[in-house]
Amino acid sequence: MGPLSETTPQASADAALPLLRIDTVGKQFGGFTAVDGVSLDIKAGEFFALLGPSGCGKTTLLRMLAGFETPDTGRILLHGEDVARMPPHQRPVNMMFQSYALFPHLNVRDNIAFGLRRAGMPRAEINARVAELLALVRLEGLEKRRPEQLSGGQRQRVALARAVARRPQLLLLDEPLAALDKKLRDSTQRELLALQRKLGLTFIVVTHDQDEAMTLADRIGVMNAGRLAQVATPRQLYEEPRSRWVAEFVGDVNIIEGRIETREAGRLRVTTQGAGALTALAPRHLGDAADVCVAIRPEKIRVSQRAPAQDFAAGTINRLEGTIANVSYLGSVSSYTIALDGGATLRASLANAARVSADAYAVGQRVTAWFAPEDCIVLDR
Amino acid sequence: MSARRFAAMSRFNVASLALGLAFLYLPIVILVIYSFNGSQLVTVWGGWSLRWYTAFFNDEAMLTAAGTSLRVAAVSATLAAVLGTLAALALVRGERFKGRTLFSGMLYAPLVMPEVITGLSLLLLFVALGAERGFWTVTIAHTTLTMCFVAVIVQSRLGSIDRSLEEAAMDLGCGPVKAFVAVTLPLIAPAIAAGWMLAFTLSLDDLVIASFTTGPGSATLPIRIYSEVRLGVKPEINAICALIIGAVTLAIVTASLATKLSSRRGGNAAPM
Amino acid sequence: MSARNIFTRPARLAAIAPYGWMVLFFLVPFGFVLKLSLSQVVNAQPPYLPVFDLGAGWQVLFAAFSALSLDNFRLLLSDNLYLMAGLRSLTVAATATALLLLIGYPIAYAMARLPRRWQPLAMMLVIVPFWTSFLIRVYAWINILQHDGLLNQVLLALHIVSEPVVWLSTDTAMYIGMVYSYLPFMILPLYATLSKLDPALLEAAADLGSSPLQSFWRVTLPLSLPGVGAGALLCFIPLVGEFVIPDLLAGSDSLMIGQTLWLEFFTNRDWPVAAATAVMLLLILLLPLVIYDRFQRRQMVRS
């Protein structure tokens, strides 16, 4: 790594310490709390995504990691060293900007070499590194172009090459794919992943796009109103959301409010207003409150004209009767809105496995919707 | 889209544009033509001649005044470019600071302030300070006026620059000053250059403020021209005016060509 | 949205030099004008009393303070010459501004309607004359308007008039000079607002049944009012204090306030009255200046 490596040996020797530790970091602007006591550990080599709606504080957190904002409270430990008050140009951290922030007066080559020159790298080494990076992002032959002569995808790759040129210990990406159109985004996601594995860098990406976060990240931190709502793998986040807000923010979900009647043998009996009594698996984290809500993902709901009677009798299946109120054909799946006899509405999505679907339901048809207790997520209201 | 907009130009639009431009340019063109008039009488055409240009280049007093004007303009424009750029930086990047309202007020007011007031007030300051009036007092007065124009020009350019560019430079290892020099300065350089040119021509042009703040022996060109013009039209003045117009036109054309060239340079280097 | 701390501090440091410069060479001098307007003229160097000498001790300074008086303002208000000059300045500036608006608006409107790629050229053509000297532009009109000048020659040759018309030293000449000199100041703000106007708005108006003239009256004009205000103020304020144009082109029977100031200062060498005139002029301009400042700030907030 040569002159760019700023790792202190004794710090990296401490195996227990993560690469980055964010310790109760908070930031206010005027009276507005942008980031509220966030704590988070990130391991070396990890691809981490900060996901949240706009204004949730994810960009502010990222800018504090880069050094453009100074936290009001808390510490940011990089290899155990507090960098919270270190100016951006001294941090072994680089950032890829949402607008790419390519210098319009410099060509591709000089943009990529910018950080290397600042580091005082010898000219020959810079040339070699730039050539290597151009090959890495497949921009050979374009090194003399100015940013305004590049396509959106090419600009994105220049920004990426520039940001990884110094081999930062931590690369921050602010909405890296937001400016690209849908088709390009999918292929660029794969490239980004491949690049991260190849270079073995630690990536933190900020995004409001959950598909992007799930495709890219090893772990996702969901932020809401300045706090981390949940940190988990994409699968956990979707299948085991820890709060109603996370369940509703990530993916599509049916929420039915109710009261816990009985708790026995790891099962809960929840009576609801609009959907009768439901059986659900008791989750590990749940408060003592009796008022809860039951969350069921639409694709977990099965729909048929007749329900499997004996399973229902054994109490192992939740079975609800209703009428199809609306059908949306979406290609790979169809989404059905079912008006339950109890008054609630359920959305179910069924894969269109065959071209001529035998079990496509029409509006007004009577159906039975059923789902397993394991597919019910019980959450505090 | 542009085709539709062009179709939307009515005859009235074309006529007003043509008449407007004619109104703006005809007097100047006539002035330049008459500067080549060989006749002693200003209004009678006596054939093409350069005699009034030779007359100017033999007029010691006029040449001295022109030299003074050029020196004042060069020094004050340079001072104004530096101070105006700093002021623009403070206004765009400084957010809210104590006395900001007063600061921006002081920068905008001279743009519209009648020159007689600016001139008189500066003269009184120089008298009170006991400063000897001459080259430097005129230069300071012109700097005060023209730095405001520079500030406005640079401010609008600076405001349009994405701040993450400078952040990116810092992220890539530049300290705040180095980031400014390496990234922001090249980007606002055209605006600073335009500001310098405007300051230069405004200084070269000014009669009123210079009349108040100058001292004996430091008459600028406009002061000389003014005292001649009051006595009536003189062919030699035509020649001087034509020279100034020529110089300004040359400067503007050069500047705009340079801008065009520098923006096109990248385009030719890379085959599309 | 956020306070960008890393930029704010250096930017504030950058303010120090220009701030100090403007306080010393713009703000403080007004104090001297104010003080001088309360002083008395004497035949000396400098030609006024009292002179504040900070080294002379408190008593002398106090005496100097008590010597200040409002006599100069009483003179200005009692002498018809000054009142007429003030009134004339306002009417001349208002008339010239109205003329500028009438002439500048169609030009700016046509510029905004040009194809996009021609607009920068048109803008440059309007700006270029502004770069050539102010004095030269006024002088160019003297050439044309004088007794045996080009205009009269043309009019005579076309038999429109039978004998030369007196153009020079009339208000007509002055207004021509004013419109000519200030036209870019009027066109540019007008063009700036008109060119930002979304053409879809006019299409929507037409779609909703308004004729081109109605569209202009109901959509274009109201939306261009900020430009009209900016252009009018940019022209009106300096025009009130204008000196060169009326001095060279208008007759000498009635003066504008800038001319009386100049006269008092350079010809009569009555510095205190000149200063009092400057204070008066400033007071007259205070209202439009405040409006202009408000306007500027609103523009800044918007952009």
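Here is how names work: the chains are called A, B, and so on, in the same order as the sequence lines, proteins then strands, and each is numbered from 1.
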Heavy-atom distance under 4.5 Å to chain C: side chain of [X], backbone, both or neither?
X        : answer
B:Phe12  : side chain
B:Leu145 : neither
B:Leu122 : both
B:Leu198 : both
B:Phe180 : neither
B:Ser211 : both
B:Met106 : both

Let me confirm one number: the [atom1]-[atom2] distance from [X] to [Y], rounded to the nearest 0.5 Å.
X        : Y        : atom1 : atom2 : result
C:Trp262 : B:Phe212 : CH2   : CZ    : 6.0 Å
C:Phe26  : B:Cys148 : CZ    : SG    : 7.0 Å
C:Tyr139 : B:Cys241 : OH    : SG    : 6.0 Å
B:Leu31  : C:Arg137 : CG    : CZ    : 12.5 Å
B:Leu83  : C:Met22  : CG    : CE    : 9.5 Å

Give the minimum heavy-atom separation between [X] and [Y], together with the two atoms involved.
X        : Y        : answer
B:Met147 : C:Trp21  : SD-CD1, 3.6 Å
C:Ala110 : B:Leu17  : CB-CB, 4.0 Å
B:Pro222 : C:Leu135 : O-CD2, 3.4 Å

Mind checking whether [X] and [Y] have side chains closer than 4.5 Å, heavy atoms only?
X        : Y        : answer
C:Phe243 : B:Glu115 : no
C:Glu242 : B:Pro114 : no
B:Asp205 : C:Ile136 : no
B:Asp206 : C:Phe134 : no
C:Phe25  : B:Ile140 : yes
C:Leu183 : B:Phe23  : yes

What residue in [options] has the most heavy-atom pairs under 4.5 Å with chain C?
options                               : result
B:Leu19, B:Leu120, B:Leu89            : B:Leu120
B:Pro110, B:Ser160, B:Ala141          : B:Pro110
B:Ile240, B:Leu26, B:Thr143, B:Leu107 : B:Thr143
B:Ser121, B:Gly119, B:Ala90, B:Gly99  : B:Ser121
B:Val248, B:Ile117, B:Leu102          : B:Ile117
B:Leu123, B:Val92, B:Val32            : B:Leu123

Taking every non-hydrogen pair under 4.5 Å, which of [options] racks up the most with chain B?
options                                : answer
C:Leu248, C:Ile144, C:Asp247, C:Leu285 : C:Asp247
C:Val33, C:Leu125, C:Val23, C:Leu261   : C:Leu125
C:Pro29, C:Gly241, C:Ala275            : C:Pro29
C:Leu239, C:Val244, C:Ile142, C:Val128 : C:Val128

**Study point:** Neighbourhood of chain B inside residues 276-283 of chain C, taking heavy atoms under 4.5 Å as contact
**Key:** C:Ala278, C:Leu281, C:Leu282

Exercise for review: For C:Phe32 and B:Val127, run side-chain contact (heavy atoms from CB on, under 4.5 Å): C-alpha distance rounded to whole Å, both residues' side-chain angles, the deciding distance at 0.1 Å, then the answer.
Suggested key: CA-CA 10 Å; C:Phe32 284 102; B:Val127 169; over 6 Å; no

Point to revise | Contacting moiety of C:Phe30, where chain B heavy atoms sit under 4.5 Å | key: both

Check your understanding: Is chain B contacted by the side chain of C:Phe266, its backbone, both, or neither, given a heavy-atom distance below 4.5 Å?
Key -> side chain

**Study point:** Backbone of B:Arg100 reached by a side-chain donor or acceptor of C:Tyr19 within 3.5 Å
**Key:** no

Check your understanding: Backbone N or O of B:Leu24 within a donor-acceptor pair of the C:Tyr180 side chain at under 3.5 Å?
Key ->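 Between the backbone of B:Leu24 and the side chain of C:Tyr180 there is a qualifying donor-acceptor contact (under 3.5 Å).
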
Review point. Who passes side chain to side chain donor-acceptor pair (under 3.5 Å) against B:Thr184, sequence neighbours left out?
Key: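 Residues passing side chain to side chain donor-acceptor pair (under 3.5 Å) with B:Thr184: B:Glu166.
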
